[in-house]
Structure formats: C-alpha cells, structure tokens
Amino acid sequence: MNKLILILLLIVSVHYGMAQKKVDQCIACHKANGDKPAILFSKDLHFAQGISCADCHGGDASKEDMDESMNKNAGFIGVPSGDKISEVCSNCHSDQLDKMNNSAHGKLTVKGDQKILQCTTCHGIHNIVSVKNVASPVHANNVVQTCSRCHSDIAYMRQYNPALPTDQHEKYLTSIHGQLNKKKDANAATCANCHGSHDIRNALDVRSLVHPANLPKTCATCHSDTELMKPYQIPTDQYEKFAASVHGIALLKKGDAAAPSCNDCHGNHGAAPPGLESISKVCGTCHVINADLFAKSPHKKAFDDQKLPECETCHSNHAIIVGTDQLIGTTPEAVCSRCHTETKNQKGYWEAAQMRKILDSLIYEEEETIRLITEAEQKGMEVSEAKFKLRDIRQAKLETRTIIHAFNLVKFTEAANKGFAITSEVKSAGIKAIDEYYFRRWGLLAATLVITILAISLFIYIKRIERRNTAK
Amino acid sequence: MEVDQSKRKFLKYVLGGSLTALAAMILYPIVAYLRPPKTKSAEVSSVKIGKVSEIPNDSSMMFRFGTKPGILVRTQMGEFRAFEAICTHLDCTVQFKQEMGVIWCACHNGKFDLNGRNISGPPPRPLTPYKVIIQGDDIFVSKI
Amino acid sequence: MEKKYWKRLYNWFDERIQFEDIIQFAAKKYVPVHSHSIWYYFGGVTLFLFIIQVITGILLLLYYKGSEDLAFESIQYIMTEVEFGWLIRSVHSWSANLMVLAAFIHMFSVYFTKAYRKPREITWITGMLMLFLAMGFGFSGYLLPWNELAFFATKVGTDIAGVVPVIGKPLLEFLRGGEDVTGATLSRFFAFHVAIMPAIFTVLLGIHLILVQRQGMSEPLGYEIKPENEKKTMPFFPNFLLRDLLLWLIVLNIVALLAVLFPWELGVKADPFAPAPAGIKPEWYFMFMFQTLKYIPATVLFIDGEVLGVLLFGAAGLLWTLVPFWDRKTLRGEKNRFINYLGIFAIMYIILLTILGYLE
C-alpha cells in the first residue's frame with residue numbers, strides 16, 4: 001500500500017514538474033496583465049513552434065518570480081532596440097541577417113544609431129506569420145504596401161537618395177502585375193519577386209536581380225514557367241528568344257550595358273507590353289532614324305489599318321536577329337512576301353525584288369573588293385589608303401539598310417549607289433596594286449636575263465683575252 | 001680566222017647590246033623616280049585640313065587622319081575642336097548636328113557634347129580628341 | 001670608225017692632264033694568282049656596294065623627311081607613291097646589309113693572309129675604321145624610318161653606349177641629342193648618316209684606295225718567298241678589272257633579286273609612349289655583341305656586367321685594329337698559327353652568338 005502511494009506521488013510530482021515546465025511563465029504573467037505583445041504572440045508562428053519569449057528576450061521562462069525570470073544573469077536583455085533586434089533574430093535566422101547587412105538596406109539611418117531596416121520593420125513583431133499566410137505583411141497581397149510605406153514617402157526617401165524615384169507604387173498599379181495583384185492574385189510579381197527580399201541591391205550593382213544584365217533571367221523565373229503562365233495564356237519563350245537576339249547577345253554575352261533589357265521596352269514598375277502603335281516609338285528611342293523613316297513611309301498607314309504591330313511585324317519582338325538582307329525581297333524568307341505578291345500589292349512586290357537585287361550586288365561587290373585588297377596586301381603591296389575607304393563601304397551599307405525603312409526605291413538606290421562608287425574605286429586600286437606586283441616580278445626576270453647574257457658574254461670576252469695573253 | 005672574226009664581232013655586239021640594255025634598265029627607274037609623283041605626301045601625324053576662313057561658326061568638317069575619319073567642329077563662339085569621328089559604342093561614323101548642338105551617332109542615337117563627352121545613349125566613352133593648331137589661316141590637326 | 005672620236009676625246013684630256021704616267025703605272029700592275037686570289041675581289045665588292053649605297057641614298061634624300069612627324073610617312077610615300085621608290089628603298093636596305101657582310105669577309109680574308117703586315121699597316125687601320133663606320137652607318141640608318149623596332153633598338157643600343165665608364169653619359173647624350181631618344185635623336189642620326197660619316201668615310205676610303213693602288217696587292221707569305229719566274233700573275237688591266245666587273249654584275253643581280261622578292265618591311269610608326277614590343281633585337285651585325293652582354297652576369301667582382309662587356313669588346317676591337325703592330329712573327333716572315341687560331345675563334349664566336357641571338 002505504501003509503495004503504491006509513493007509511486008502515485010512520484011507520478012503526480014513528475015507530472016506537476018513537467019506541467020511547470022510547459023507553462024511559459026512570461027506569457028502567463030504578461031497575458032494576465034493584458035500586455036499586447038503577449039496577446040499577439042499566441043498567434044505567432046514562433047509560439048506555435050514552442051519558442052518562448054525568453055528565447056528572444058533572454059531570461060528564464062520557467063521561473064514565476066520576476067526577479068528570477070527577468071534576471072540579467074539568466075540572460076535577460078529586456079526590450080531590444082535598434083540593431084539588437086535583428087541580432088536577436090539572427091541567433092536562429094543568421095542567413096537572412098547576413099544578406100540584409102550586405103544589401104542596400106544594410107546602411108545606417110540618417111541618425112546613424114542603427115541600420116535602416118530591422119527584421120521586424122517588414123515582418124512585424126510578436127505576430128509574425130509565414131510569408132505564405134495572407135496575414136503576413138510580406139505576403140504577396142501585402143508586400144507592395146509594406147515596401148511603399150517608405151519608398152513612396154518622398155520626404156523620407158529624399159533623406160537617403162534624392163535621385164531615387166518614389167512613384168513605383170503608382171506605376172505598379174497601372175501595370176499588368178499590379179492589376180493582378182489588386183485582384184489578390186498571389187502569382188503576380190510583387191516587389192520581392194523582382195528585387196529580392198533580404199539581399200536587395202541597387203539596380204546598378206552587378207549582383208542585383210534587377211541589374212540590366214540579370215533582369216531577363218529574373219523576369220524569366222515566372223515568364224518562362226509554362227505551368228505558371230498557363231492561366232494567363234501568354235507565351236513563355238520570350239527569354240529564349242531574347243537571349244538569341246541581337247539585343248540579348250549584346251547585353252548578356254558582350255556585356256554592352258547600353259543594350260535594352262526587358263524594362264527598357266516594357267517599363268519596370270509600370271510593366272506592360274507597348275501598344276501596337278507605340279512599338280515604333282519605343283524602338284525609336286534608340287533607332288531614331290529607322291522609326292522616323294517608317295513613320296513617314298507608306299507602311300505606317302498600311303500597318304495601322306491592318307492592326308499590324310509596327311517594327312515587330314518584320315523584326316519580331318524578342319527574337320530580333322541582325323537585320324539580314326534576307327528580310328528584304330520576294331523570296332519565302334523575306335517578310336515583304338507576306339503582303340506583297342505578284343498579284344497582290346504588286347508595286348511593293350517589284351520594288352522589294354529590286355531592292356533585294358541591289359543589296360545582293362552591293363554585298364557581292366564588297367566581298368570582291370575585300371578579296372582583291374587582301375590579295376594585294378598578302379603580296380606585300382601597300383594598300384592602307386584603299387583599306388581606309390572600306391570603312392566608307394560599311395557606312396554605305398548601313399545607310400542602305402536604314403533607308404529601307406522609307407520603303408522608297410529611289411532613295412534606296414541613291415544610298416546604294418554611294419556604296420557602288422566606293423567599291424569600284426577601291427577595286428581598281430586593288431587591281432592596280434596586284435598588277436604592280438606582277439610588273440615587278442616580270443621586271444626582275446627581264447633584268448636577270450639581261451645581266452645573265454651580259455655576264456656570260458663578259459666571261460667569254462675575258463677568257464678570250466686571257467687566251468690571247470697566254471698565247472703571247 | 002674568218003670564223004674567229006665573225007665570232008668576235010658577234011660577241012662584241014652581244015656585249016655592247018646587253019650592256020646598253022642593262023644601262024637602260026638601271027637608268028629608267030632612276031629617271032622615273034626623279035619625276036615628282038602627282039599625289040602629295042600624306043602627312044599623317046599632323047594634317048592640314050583646311051582654312052579658318054572657310055569654316056563658319058557652328059559648323060563642322062569631316063577629314064581623314066591616317067587610317068581614321070575625323071570631325072572638326074567650330075563652336076558658336078568660334079572655337080575649334082577636333083575628334084576621332086568613330087563612335088565609342090559600335091564604331092559608326094559620327095556627325096555634327098547643328099540644330100541639336102551635339103555630335104550625334106545615327107546608328108543608335110548616341111550623343112556627344114562639343115567636348116567629346118558622351119552625354120546620352122549607348123556610347124560608353126567620350127570621343128578620342130585631337131589637338132587643333134591654328135597657324136595663320138591654316139588649321140592643323142595632330143594627335144594629342 | 002667611232003675609234004677616231006674616242007681618240008680625239010682622249011687626246012683633248014691628255015693634253016691637259018697628262019695621263020701618260022698613270023697609264024704606264026696602270027699597265028704595269030699585276031695581280032698575283034694563287035689559291036687565295038679569290039679573296040682579292042671582296043674589297044671591290046664592298047666598294048661596289050658602297051657606291052650603290054651612295055647612289056640610292058642620294059635618291060632617297062630627294063624624298064625623305066627627317067623629322068619625327070614626317071619620317072615614317074615620307075618612307076611610306078616613297079614605297080607607295082614614288083615610281084620605283086620601293087625598289088630604291090629596298091635596294092638601299094639590302095645593299096647596306098650585304099656591304100657590312102662583304103666588309104667583314106674582306107677584313108677576315110686580309111687578316112688570315114696577314115696582308116696587314118708592313119708596309120700595309122695604314123691600309124689595315126683605315127680599313128678597320130671604315131668597318132666600324134659601316135656598322136655606324138647601319139646603326140644610324142636603321143633609325144631613319146622612325147618605326148617601332150628601330151626606335152627601341154636605338155634606345156637599347158645607345159643605352160649600352162652610355163654604360164662606358166667616365167665618358168658614357170656625355171657620349172649617350174651626344175648620340176641622342178638629349179637624355180632620351182626623341183626627334184632630336186633622329187635629326188642627329190640623319191646628320192651622322194648623310195653628312196658626317198660619309199665625309200669621314202670618303203677620306204678614309206681615298207687613303208685606302210690610293211695605298212692599294214700604290215702598293216699593289218699583298219702576296220701571301222707562301223707566295224712571297226717563291227722565285228719571281230714561278231709567280232703566276234695576271235694584269236690588273238684589263239683581266240682583273242673585267243673579272244671584278246663580272247662579279248659586280250652578279251652582286252647587282254643578287255641585290256635586285258633580294259629587293260624584289262624580299263622587299264624591306266616598314267613596320268609600325270614609333271610611339272615613344274607605347275611599351276617596348278617583346279624581342280627587341282639589333283641588326284645582325286651587332287647581334288653577337290648584344291647576345292654576349294646577355295650572358296655576362298649582372299656583376300662580376302666589383303664591376304657592372306654590362307660595363308665589363310663593353311670594355312671587353314672595346315679592348316678586343318682595339319687589339320684587333322693594332323694587330324700589325326703586335327704580330328711580331330709575321331713581321332719576321334714566320335707563320336703565325338696563333339693569329340690563325342685567334343681568327344678562327346673570332347669567326348666561330350661571332351657566328352655562334354649570332355645564331356644564339358636569333359634562336360631566342
């Protein structure tokens with residue numbers, strides 16, 4: 001009987017002891033006081049994971065007595081402020097703090113007493129939930145508002161970077177992404193999708209996700225995902241096409257920072273594909289002359305009437321390849337033949353065929369010219385003046401390929417003739433140089449022949465004299 | 001003896017003839033060399049490109065400097081500036097745009113101010129400058 | 001028939017100049033014929049090449065412009081715009097090299113046949129001086145196109161000159177017309193090349209040729225001691241002269257072949273601010289000295305390696321020039337094997353180090 005009671009007591013006391021442990025004395029007390037943090041914390045993700053107040057604030061959560069639980073010797077730090085807050089979080093979330101410190105937000109505030117952002121600035125305090133939880137300030141539905149708390153505050157941003165725009169939110173609301181986001185579509189891109197979360201860097205930093213060279217890949221994370229894009233019914237081959245295009249190769253392979261990235265044509269915060277009629281204006285920010293010529297050409301009205309996108313119809317939008325001469329003409333690869341045939345839109349058909357012929361012969365002439373000059377040079381002849389003129393041929397080719405956008409045969413022929421004039425001039429210089437080379441060799445042969453005959457006859461003459469002398 | 005004589009004469013003719021031929025082959029190039037060529041000596045590290053009186057204010061002139069094209073600009077204030085006319089983006093030839101007051105590249109709308117600095121568009125670097133020397137009415141351009 | 005006119009022309013000059021003695025003298029000139037006769041021709045070949053240099057040099061002078069700005073372009077102009085300019089220039093460059101080669105052969109053949117011995121000491125010394133001048137012609141002429149290779153080769157070469165103790169620095173500044181190689185150097189070298197050195201060379205050449213004419217061809221020791229009637233000879237006029245001319249004809253053909261088939265390069269214009277291109281080499285006749293300097297360690301005992309090299313070559317050159325005075329054996333009429341071995345060593349050394357220089 002006594003043994004039984006002992007065992008019972010043991011069990012009860014162990015249970016009591018364990019129950020003591022289970023009870024978070026911090027919450028128990030602060031909740032009883034009606035302290036907001038404690039009330040909020042019960043909904044917090046950390047609380048659900050069994051993390052207590054003391055795990056962040058320090059101290060001993062098992063002790064009821066304030067002097068024991070909120071004791072410095074037990075590790076109590078009170079309410080952390082400034083950088084100490086993020087330090088506390090980083091005891092577990094060290095990765096994120098490291099990224100933050102190296103990001104644009106890792107700078108000191110104007111006062112200089114702490115960094116611009118603490119973890120709690122964006123994630124909240126005591127009521128932190130998963131980013132996938134709609135209640136989280138960093139959930140897709142809310143993150144835009146969270147960021148624009150600072151980034152749309154003109155006076156605030158002016159303190160740090162007066163040149164940084166503050167209209168991102170405004171623009172975003174006009175964009176396709178923004179409109180979807182308003183409709184609570186969590187798949188639509190938000191600030192964090194493009195800029196990153198903890199490691200946000202200035203757009204001109206090569207490590208930034210929105211640096212022009214990195215931006216296509218960033219956009220492609222969603223836009224090349226066929227599953228993701230299914231409900232929106234838009235193509236997912238833009239990145240692939242862009243990377244193979246002349247702009248893509250310039251930007252991604254050659255590192256030409258002047259080459260357009262996705263945002264240069266689509267806008268970044270106000271991202272939307274350019275309207276049909278505005279395409280040539282967008283392309284025309286760099287390709288001024290082409291856009292200008294096109295706007296004045298007969299094609300402008302024709303395309304607008306047919307609702308054809310301007311530059312894109314012939315050059316494509318993402319897969320823009322170098323405008324080869326194949327584009328012009330009446331062959332199947334030529335874009336002209338899409339509208340101009342022998343029976344339909346005939347004037348254009350004949351003109352296109354002419355222009356192609358002229359282009360082909362200009363290319364041929366250029367190749368011939370280069371071949372001749374190279375031959376002359378390899379033969380050791382001086383052709384630097386002629387080589388200099390080759391540059392002018394390149395210039396003439398450029399002009400013909402630009403003037404094509406006026407779709408006017410007369411102007412085109414004029415530009416091409418400039419090229420032909422130069423090729424014929426340079427070719428004749430090349431031929432002259434090669435002829436000179438052969439002239440020199442024939443001259444040498446002739447001189448050698450003369451000298452040989454002279455030498456032989458002189459030799460015979462000498463021998464004769466010597467014979468005479470010995471005879472004497 | 002007869003045979004010998006004709007052989008001697010023959011040899012004398014061959015000797016004299018080939019000697020004359022050789023003399024001609026040596027003298028002809030020398031005489032041709034002495035005649036001044038039609039083209040003027042291409043002076044390429046210091047090029048005289050024109051006359052001050054022939055270039056009005058706010059205008060430009062293209063010239064050749066060695067193997068590269070050059071552009072001479074006379075500003076509105078009458079100052080002369082000269083640069084390599086090769087755009088620092090993709091090597092197209094630049095031109096002076098009077099109405100814009102800039103040096104402009106037609107290929108991708110790159111713009112350079114009249115000090116050669118790249119101010120807009122793709123060009124990543126300023127234009128390579130040349131030195132302009134005025135002697136009387138003559139304009140000389142040389143490498144810096 | 002034309003003989004009459006030649007005779008009348010001859011008489012006109014003879015009445016005023018009296019050729020008789022000269023003719024008598026010339027008619028009596030005989031050239032020894034023996035197994036080493038062939039070497040007699042090399043002096044004439046050198047002379048012929050020098051004449052070519054003078055003629056082509058004067059022609060080039062008509063178009064060459066000796067300033068920093070214009071030198072390169074003027075030669076480009078000669079090569080491309082002037083009719084046969086390419087030929088004149090290439091001939092000048094090739095003939096220069098052949099002349100130095102011929103001069104070396106001539107000098108060595110005289111050395112081995114000991115023709116420098118009394119009474120021909122002055123001939124030898126003027127000849128040695130002309131050899132040094134010929135190399136100087138080469139060095140100064142090399143700079144005149146003002147191309148990259150020449151610019152840096154001149155820099156290196158004058159740097160070495162500056163290493164000579166005591167007089168080195170003033171010598172360097174004298175050569176360069178300043179501390180560095182600049183347009184001033186080009187002006188100086190141009191003056192050296194077309195005026196100063198030709199003047200000195202002509203005087204030395206005059207002395208050299210007059211002495212050769214006065215003293216006649218030297219006879220090798222073995223030949224000298226033969227009895228008079230056993231010595232084979234040929235008259236200078238017309239035999240030796242015609243043979244000489246024949247050889248000159250062949251040399252002319254060789255020069256033309258080289259000039260047309262292997263035209264002389266112009267290279268890239270010199271840019272003093274650009275870094276030196278890799279593998280700067282001097283012309284081949286300086287290569288053996290240049291290569292030797294490379295092999296001498298940086299310091300030998302207490303002397304700077306380069307200084308030692310320069311001094312050694314200076315001493316060697318001096319001793320070589322003074323050989324008629326210290327070769328006692330030959331003076332006594334004895335065979336001097338040492339001279340031969342020394343000469344063979346010198347030739348081998350020069351050839352070996354030249355090859356080594358090009359292998360790098």
Side-chain angles (χ1 to χ4, degrees), chain B residues 5-49 63-70 82 84 128-135 138-144, chain C residues 2-3 48 51-52 54-92 146-147 183 186 238 242 245-246 248-253 255-256 259-260 266 268-274:
Chain B
Q5 274 285 76
S6 63
K7 261 211 242 166
R8 284 177 75 183
K9 253 202 167 146
F10 176 69
L11 185 68
K12 272 223 155 76
Y13 279 128
V14 173
L15 207 55
S18 51
L19 192 61
T20 318
L22 183 63
M25 286 185 120
I26 292 177
L27 283 173
Y28 173 71
I30 293 180
V31 170
Y33 179 91
L34 292 171
R35 254 187 266 129
K38 283 179 199 69
T39 48
K40 281 227 295 250
S41 163
E43 297 175 17
V44 147
S45 74
S46 179
V47 182
K48 179 154 92 181
I49 56 175
F63 59 91
R64 178 184 158 190
F65 193 87
T67 51
K68 306 215 174 94
E84 217 176 76
T128 305
Y130 288 137
K131 192 155 70 170
V132 180
I133 304 162
I134 313 287
Q135 267 184 6
D138 292 326
I139 308 170
F140 289 89
V141 164
S142 78
K143 280 223 174 106
I144 291 218
Chain C
E2 21 176 282
K3 264 200 158 168
F48 178 59
I51 292 170
I52 292 181
V54 171
I55 295 174
T56 53
I58 290 173
L59 289 172
L60 287 172
L61 253 183
L62 292 174
Y63 292 107
Y64 175 74
K65 296 187 169 123
S67 81
E68 214 178 336
D69 279 339
L70 302 168
F72 186 85
E73 287 78 10
S74 66
I75 294 194
Q76 210 170 35
Y77 182 69
I78 291 171
M79 298 282 278
T80 55
E81 303 291 340
V82 180
E83 264 204 83
F84 291 104
W86 59 274
L87 183 63
I88 305 291
R89 194 237 168 179
S90 273
V91 164
H92 193 80
W146 198 247
N147 59 19
L186 183 61
L242 285 177
L245 287 175
L246 180 58
W248 289 14
L249 219 54
I250 295 168
V251 168
L252 181 67
N253 206 357
V255 171
V260 174
L266 183 52
V268 154
K269 185 168 176 168
D271 180 1
F273 297 114

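So that the names make sense, note that chain A is the first sequence line, chain B the second, and so on, each numbered from 1.
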> Quick one: what part of L34(B) sits under 4.5 Å from any heavy atom of chain C, side chain, backbone, both or neither?
Replying inline: both

> So which of T56(C), V82(C), L59(C), L62(C) has the largest heavy-atom pair count under 4.5 angstrom toward chain B?
Replying inline: L59(C)

>> Could you work out, with ring pair (Phe, Tyr, Trp, His ring centres under 6.0 Å) as the rule, every residue matching F48(C), not counting sequence neighbours?
In response: W248(C)

> When rounded to the nearest 0.5 angstrom, what distance separates CD1 in I75(C) from CH2 in W146(C)?
Replying inline: 12.5 Å

>> The test is salt bridge (charged side-chain N to carboxylate O under 4.0 Å, His left out); show your working for E73(C) and K65(C) and say whether it passes.
In response: CA-CA 8 Å; E73(C) 287 78 10; K65(C) 296 187 169 123; over 6 Å; no

> Would you call F65(B) and E84(B) a side-chain contact if the rule is heavy atoms closer than 4.5 Å?
Replying inline: no

> Considering only heavy atoms, which portion of L245(C) lies under 4.5 Å from any heavy atom of chain B: side chain, backbone, both, or neither?
Replying inline: neither

